[in-house]
Protein chains: 2
Amino acid sequence: MRKLKESRRPEILDAALQVVAERGLEAVSMRSVAQRIGLTPMALYGYFRSKEELLDAVLGRLLEEIQPPPPGCGWRSVLVHLSYEVRAVAQRHPSVLPLILTRPAVSPVVLRVNDLLYQALLAAGVPPAEIPRLERLLGTVVIGHVLSEVSGRFGAGTLDPAGRRAQPGAGELPGHEALAAELDRPVDWDAEFRANVDELLDLVERRSVAERRPLAEPRPLAEPRPLVERRT
Amino acid sequence: MRKLKESRRPEILDAALQVVAERGLEAVSMRSVAQRIGLTPMALYGYFRSKEELLDAVLGRLLEEIQPPPPGCGWRSVLVHLSYEVRAVAQRHPSVLPLILTRPAVSPVVLRVNDLLYQALLAAGVPPAEIPRLERLLGTVVIGHVLSEVSGRFGAGTLDPAGRRAQPGAGELPGHEALAAELDRPVDWDAEFRANVDELLDLVERRSVAERRPLAEPRPLAEPRPLVERRT
DNA sequence: GACTGACGGTATACACCGTAGACTCGTCGG
DNA sequence: CCGACGAGTCTACGGTGTATACCGTCAGTC
């Protein structure tokens, strides 16, 4: 039997990942990827219809690296675990990450992860009408944070606050001045990520019906607000 | 006096915005932009050192469209206003948005917006040590939501849930099945954005010291959309 | 054993891209 | 009048994605 056509797809994706790891995302071209495995650029078109489709496949491969949560742990642990896994994958392949918001990313693996999120939110006792929105919010926060961390939105702008304050006319930025001490302090991104996820999960917990377990810590008057009514 | 070189920068940025509005972000090239105002591609290099710098300037121009909040309104109104402004700008120029997370975006206008956020959080009574993180979280949620909405992460994948459930082996996605009714319902993205911002601001309020006003006070459910109308 | 597809891959070509370098002007101060 | 200068052009180079045509090699089948 001849070697199946599908059999070289992983090889090509590996090559693409190598290129992106070594020389950045914009160094990925059909020529550079093909050359790495001794092929002609046009050979890749037997496996992917376009460069776009190849990049989508690269992203899919990345997402397959996220490990499923250990069975039998509570909903909160599941959500925490998945958040950390996403961040870990992102940190392993920082240059590829921008694809995740540029491309629609509808792949089986995304479906599976989403399903785990749905199950966890169901187990948490969140009313079903709220679940899709909360799942999207959680995903947005996790992906948004990781992407900002990796692609520089949190980077130079935030890390050199002294220079930033000096830039415009003096006294133009009273907020920055009042917070100078805090802004100069280096940031522990791990801790910040943990705090954000934790806070989001508190929010989820507050949305759960029946308050199955009254929040362990005495949280001062967190009156659950009536939801904005959605219609349509 | 000779016409200053700086004088044509806005013209070039307008041309770039037209190109991106009509033919998408990847249709922006030095050639296409220059042609639109009757110039040679190389002429642009007198105003921008590279295409990258031009795109950064385009993004900066967009951010300048966001209107400052009307003076004298409360911290919560300020934050709501700014969130909605960002979303409005994004919806006016959806194709340009991916730049905002791809590029570091350190510009004076970003500084000014951040400063307004800092001031609002200070006014809310949030302890200073918490403010930088909360500002980043708020920004991440707003930008992440808008970007997901615009660039398709919320799009095809979520909008055709029936087809998605049919894709993998039956029974592989118990979460999706349990939520089928909810997932089939069309989504009101305006309402979802409002709800997310509102929830984040509740979170901010809960972080504020002294609980200056105990939240029992009836807050108008629907924040009236900022009245300030833009002109350009 | 010869014939026939199909398949993996190649070669060539095209239109386009960002941009470096040298060039041409029209205008200005002296 | 002259030199300087700055805005803009021309040409060219190396790179890109990919459409089209082509080729050798194998699996089966007669």
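Within every chain, numbering begins at 1; the chains are lettered A, B, ... in the order of the sequence lines, protein sequences first and strands thereafter.
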Measure the distance from [atom1] on [X] to [atom2] on [N] and round it to the nearest whole Å.
X	N	atom1	atom2	answer
Y47(B)	dT19(C)	OH	P	17 Å
I12(A)	dG9(C)	CD1	C1'	11 Å
E11(A)	dG9(C)	CD	P	9 Å
E26(A)	dT16(D)	CD	C1'	13 Å
F48(A)	dG9(C)	CZ	C1'	16 Å

In chain order, what residues pass the side-chain contact (heavy atoms from CB on, under 4.5 Å) check against [X], with sequence neighbours excluded?
X	value
Q119(B)	P174(A), D115(B), L116(B)
L138(A)	L79(A), L200(A), L201(A)
T40(A)	M42(A)

Q. In chain order, what residues pass the side chain to side chain donor-acceptor pair (under 3.5 Å) check against S83(B), with sequence neighbours excluded?
A.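 Once residues adjacent in sequence are excluded, S83(B) has no partner under the side chain to side chain donor-acceptor pair (under 3.5 Å) criterion.
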Q.
Listing request: all salt bridge (Lys or Arg N to Asp or Glu O under 4.0 Å) pairs with a residue in residues 25-48 of chain A, at least two apart in sequence or in separate chains.
A. E22(A)-R36(A)
Show each protein N/O and nucleotides 12-17 of chain C N/O combination with a separation under 3.5 Å, one pair to a line.
unit_1: dC17(C); atom_1: OP1; unit_2: S29(B); atom_2: OG; d: 3.0

Q.
Just to verify, which of E192(A), E149(A), E65(A) counts as forming a salt bridge (charged side-chain N to carboxylate O under 4.0 Å, His left out) with R87(A)?
A. E149(A)
(Q) List the residues meeting salt bridge (Lys or Arg N to Asp or Glu O under 4.0 Å) with E199(A), not counting sequence neighbours, and say none if there are none. (A)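 Partners of E199(A) by the salt bridge (Lys or Arg N to Asp or Glu O under 4.0 Å) criterion, ordered by chain and then number, come out as R133(B), R207(B).
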Q: Give a yes/no on whether any side-chain N or O of Y45(A) is located under 4.0 angstrom from OP1 or OP2 of dG8(C).
A: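 The answer is no; no side-chain N or O of Y45(A) sits under 4.0 Å from OP1 or OP2.
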Q. Is the phosphate of dT19(C), meaning OP1 or OP2, less than 4.0 Å from a side-chain N or O of R49(B)?
A.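 No, no such contact exists.
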(Q) I'd like to check the ring-ring contact (aromatic ring centres under 6.0 Å, His included) partners of F193(A); sequence neighbours left out, ordered by chain and number. (A) Y84(A), H145(A)
Q. Dot-bracket for DNA chain D: what is it, with Watson-Crick or G-U pairs under 3.5 Å, [ ] where a pair crosses earlier ones, and | for a pair to another strand?
A. ||||||||||||||||||||||||||||||
